[in-house]
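Atoms within a ligand are numbered from 1 in the order they appear, just like the ligands themselves.
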Amino acid sequence: SGGGRGGRNPLEMLARAGQSFGLRATSASRQARERQGWGGLAQLMPSRFYNKVQDLHHRAGASTANPLLAYTLIKRLQSDWLNVVYSTEASENTQALKNGYKKVEKDLPLFEDLQGAARALMRLQDVYALNVKGLVKGVFQRASGTDLPEIYSPGQLFSLSADDCFLVGKVAYDMEDYYHSIAWLEEAVSLFRLSYGDWNTEDEGSLEDALDHLAFSYFKAGNISYALSLSREFLRYDPTNRRVARNVLKYERLLVEHPESATAEVGLQRPNVTHLQTRDLYEELCQTLGSQPTQYQIPALHCSYETNDSPYLILQPVKRELIRLQPFVALYHDFVSDLEAEKIKGLAAPWLQRSVVASGEKQQKAEYRISKSAWLKDTVDPVIVSLDRRLAALTGLNIRPPYAEYLQVVNYGLGGHYEPHFDHATVSNNALRTALLFQLSSVEAGGSTAFIYANFSVPVVKNAALFWWNLHRNGTGNGDTLHAGCPVLAGNKWVANKWIHEHGQEFRRRCSPNPED
Ligand SMILES: O=C(O)CCC(=O)C(=O)O
Ligand SMILES: [Fe+2]
């Protein structure tokens, strides 16, 4: 990427700080000075000196008209600063900072985590059709063309910095995903332009870096005239960059050779994820509830108290809301208590690992399932035993191992999701007949469970258990059960899966030769 980051050198910063001191310390120039990177130096210098300088600059009416102030300003810039910056105290301070950092470094997120977080933002942008311009300002508004209301309104607006946007764009750029890199680098460039000359110690990128990446993204997307004007802008800031100068010549030549490309409309497409043929349907169901028939339309869809003729449930029947008949999907409200939910999350937390998916014989991480999960045996705590007992009573099924899986606790964080899939395909020789999804938390936005072909989604209802049959009564998979966990837009989603196998239920659930049953 382009070089020429301004102002990494503390002396350069001093020079700039001196220029901006000007002749009078008005409050506007004070603000400008505060953004000039004094903060970055604060950690390197004794706080006494820092406070002294800060105080001088903040003093109302401080003016170089006063010869004493003028003298000390010049002395400060020529001598004091050099002594401070090159003092043993400054190097001891940076050493202490570095040592402290080294101590916690192993517990800090990896670059892979940061990339994942950037991808999560892009996923939310896509699945919830969010407008990047708004998102950067902290507003979750829909991209134009949809008349859907704001999907999430945070209590407090939080906006992203130029460098925050740059990094998201850079992650997309490195994946050769110019659709996303353009959207995010556009924001980075606009914000860097606004603050040009102010340098933040913590920033990774600069206006030049953002222009460089954005120009190349536009070139790759076929918009050569825009790539050219961005590259020219780059050269205004960094005229000696030969690579970008060569690019300018190349773009100019291309425009002469293919003048039609200057005005060509560039229709940038979202990168196509081939394994997701149902993408549009899936995203629509994440944004809305889909086609939810009411009980008035289908009287069989009603709420009831269920005991399943089990003595165990007579005194405390389960509250069932029938959601669909084909495929059969029911929501059992208050199936777990708050206390049980907290207990289960607490038991699983130390064991959480990045979730995997079946890939042939192996299990591996996949971008289409982003969550952490842990398996809990019923021996770890009586809470699991009592949950199993209630489940067995309700379903009448044999849920002892090996006839059912252990409880799988799943935690979805930032942008966590599980794209459309079948559960029954995951264990080939011992199909998973039913799926039960216990909802151990609520979420602030997003995170619904969407049934793609059946065209509806169920929002997260805390403490409820979502139930469906994955298999027909004849033992074959029910293709209508294609389902997904939508990305969590705000909050932290906890669920627990219980999959009950086909084998072991022979005398408990009748089979049927009818492939429709
Ligand atoms: O989290 C969800 O809503 C769905 C989870 C799921 O389908 C699974 O874990 O297999
Ligand atoms: Fe699933």
task: Taking only Lys NZ, Arg NE, NH1 and NH2, and the carboxylate oxygens of Asp or Glu, determine whether E283 and R270 approach each other closer than 4.0 Å.
output: yes
field: Carboxylate-amine/guanidinium contact K345 E342, below 4.0 Å
entry: yes
Residue pair D163 / S161, side-chain donor-acceptor N/O under 3.5 Å: no
query: Do NZ/NE/NH1/NH2 and the carboxylate oxygens of E233 and R193 come within less than 4.0 Å?
result: yes
statement: To the nearest 0.5 Å, atom CG of L211 lies from atom CZ of F166 at 10.5 Å
query: Are R123 and E367 close enough for a salt bridge, meaning some N to O gap below 4.0 Å?
result: yes
query: Distance below 2.8 Å from the Fe ion (ligand 2): how many protein N/O/S atoms qualify?
result: 3
message: Just so I know, are the side chains of R508 and Y403 near enough to count as touching, which here means a heavy-atom distance under 4.5 Å?
response: no
- prompt: Quick one: do the Q439 and S441 side chains pair a donor with an acceptor below 3.5 Å?
  reply: no
- prompt: Shortest non-hydrogen contact from W184 to Q125?
  reply: NE1-OE1, 2.9 Å
Run through all N or O atoms in ligand 1 and write down each protein N or O closer than 3.5 Å, as a pair with its distance.
from	atom 1	to	atom 2	distance (Å)
ligand 1	1 (O)	Y412	OH	2.7
ligand 1	1 (O)	K493	NZ	3.0
ligand 1	3 (O)	T449	OG1	2.5
ligand 1	3 (O)	K493	NZ	2.9
ligand 1	7 (O)	H421	NE2	3.1
ligand 1	7 (O)	H483	NE2	2.9
ligand 1	9 (O)	N497	ND2	2.9
ligand 1	10 (O)	H421	NE2	3.1
ligand 1	10 (O)	D423	OD1	3.1

